[in-house]
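Comments concern the structure below.
Predicted, not measured: the structure shown is a model, and the values here were computed from it. The figures here come from the full heavy-atom set of this structure, side chains too, leaving out hydrogens, waters and symmetry mates.
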Amino acid sequence: MHIHQVEPDEWALWRDIRLDALASDPEEFGSTLAREQVYTEDEWRERAAEGLKLVALDPAPVALVAATAKPEGLYLYSMWVRDSHRGRGVGEALVRTVLTWAAEEGWKVVRLRVWDDNLPARRLYRRLGFVDVDEPEHMEFRVS
């Protein structure tokens, strides 16, 4: 498996794995498959260029995660791993790559939102050092 940072010209790679994620687990995202299926190439290029976009390749895309700047810190979002690759360390590798990048870029806090009933994801984030914060369904990691 290889973690690949998506470049803006690779917008179709980001689009395809993102649409796969929305089709597979629609309840886990703050968007819908129907909404994103109609995005134009320009919209996908813009999304691919914003912040950090990572895809796990094995050799085809099997997972994704993104991170973007927010006033409260770097915001990790769109974390998803294909069913066939869950429980194999793919999610951990993606999140560790985001945390390494955050430290290199000078971020002090990485935040995310995860549903309270998504226990596997919450266990992953806790194992990596994320803690619950006062805002419901949010966790954060203090970058050292």
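Put simply, the residue from Tyr39, Trp14, Trp11 that forms a ring pair (Phe, Tyr, Trp, His ring centres under 6.0 Å) with Trp44 is Tyr39.
With 3.5 Å as the limit, one finds no donor-acceptor pair spanning the side chains of Arg113 and Tyr75. In summary, the side chains of Asp58 and His85 do present a donor paired with an acceptor at a separation below 3.5 Å, with no hydrogens or angles considered. Arg18 and Ser78 share a donor-acceptor pair across their side chains, judged by distance under 3.5 Å alone.
From Glu137, atom CD reaches atom CG of Asp132 across 10.5 Å, with rounding to the nearest 0.5 Å. We find the CG-CD1 distance between Leu57 and Ile3 to be 8.0 Å, quoted to the nearest 0.5 Å. Put simply, CG on Asn118 and CG on Leu124 are 9.5 Å apart, with the number rounded to the nearest 0.5 Å. In this structure, CG on Leu76 lies 13.0 Å from CD on Glu140, to the nearest 0.5 angstrom.
When atom types are taken as modelled, the side chain of Arg142 and the backbone of Val110 share no donor-acceptor pair closer than 3.5 angstrom. No donor-acceptor pair closer than 3.5 Å links the side chain of Arg111 to the backbone N or O of Gly73. Judged by distance alone, the side chain of Arg122 and the main-chain N or O of Val114 form a donor-acceptor pair under 3.5 Å. A distance-only check finds a donor-acceptor pair linking the side chain of Thr97 to the backbone of Ala93 [under 3.5 Å]. A donor-acceptor contact shorter than 3.5 Å links the side chain of Trp115 to the backbone of Glu27.
Counting only heavy atoms from C-beta outward, the side chains of Leu13 and Pro61 approach each other to under 4.5 Å. For the pair Leu74 and Val98, the minimum side-chain heavy-atom distance is below 4.5 Å. Residues Val95 and Tyr125 are in side-chain contact: their nearest non-hydrogen atoms beyond the backbone lie under 4.5 Å apart. The side-chain heavy atoms of Leu112 and Met79, taken from C-beta on, include no pair separated by under 4.5 Å. By the 4.5 Å heavy-atom criterion applied to side chains, Gln5 and Leu52 are counted as neighbours. Taking the side chain as every heavy atom from C-beta outward, Glu7 and Lys53 never approach each other to under 4.5 Å.
Ionic pairing of Arg47 and Glu43 is not present here: no N-O contact between side-chain nitrogen and carboxylate oxygen is shorter than 4.0 angstrom. One finds no salt bridge joining Glu36 and Arg15 here, because no Lys/Arg side-chain nitrogen approaches an Asp/Glu carboxylate oxygen to under 4.0 Å. Residues Asp83 and Arg86 are paired through a salt bridge, judged by an N-O separation under 4.0 Å between the basic side chain and the carboxylate.
Hydrophobic clustering keeps Leu54 apart from Trp80 (ILVMFWY residues linked when any side-chain heavy atoms are closer than 4.5 Å, directly or through intermediates). When the side chains of ILVMFWY residues are joined at heavy-atom separations under 4.5 Å, either directly or via intervening members, Val6 and Val65 end up in two distinct hydrophobic clusters. A chain of hydrophobic side-chain contacts below 4.5 Å, direct or via other Ile, Leu, Val, Met, Phe, Trp or Tyr residues, connects Trp107 to Phe130. Hydrophobic clustering (side-chain heavy atoms under 4.5 Å, transitive across Ile, Leu, Val, Met, Phe, Trp, Tyr) keeps Leu99 apart from Val133. Follow the hydrophobic side-chain contacts under 4.5 Å out from Val62 and you never reach Phe29; the two are in separate clusters.
Nearest heavy-atom pair, Met1 versus Val90, reported as atom, atom and distance to 0.1 Å: SD-CG2, 3.4 Å. Between Tyr77 and Thr68 the shortest heavy-atom distance is CE2-CG2, 3.7 Å.
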Q: Take Leu33 and Leu19 through the test side-chain contact (heavy atoms from CB on, under 4.5 Å) and record every step on the way to the result.
A: CA-CA 6 Å; Leu33 179 62; Leu19 294 178; 3.8 Å; yes
Q.
I'd like to know whether Arg88 forms a side-chain contact (heavy atoms from CB on, under 4.5 Å) with Val81, so could you lay out the CA-CA distance, the side-chain angles of the two residues, the decisive distance to 0.1 Å, and finally the verdict.
A. CA-CA 10 Å; Arg88 296 172 49 185; Val81 177; over 6 Å; no
Q: Verify side-chain contact (heavy atoms from CB on, under 4.5 Å) between Thr40 and Arg45, making sure each step is shown before the conclusion.
A: CA-CA 9 Å; Thr40 65; Arg45 283 181 180 279; over 6 Å; no
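Surrounding CD of Glu92 are more than 12 heavy atoms belonging to other residues, nucleotides or ligands, all under 6.0 Å away.
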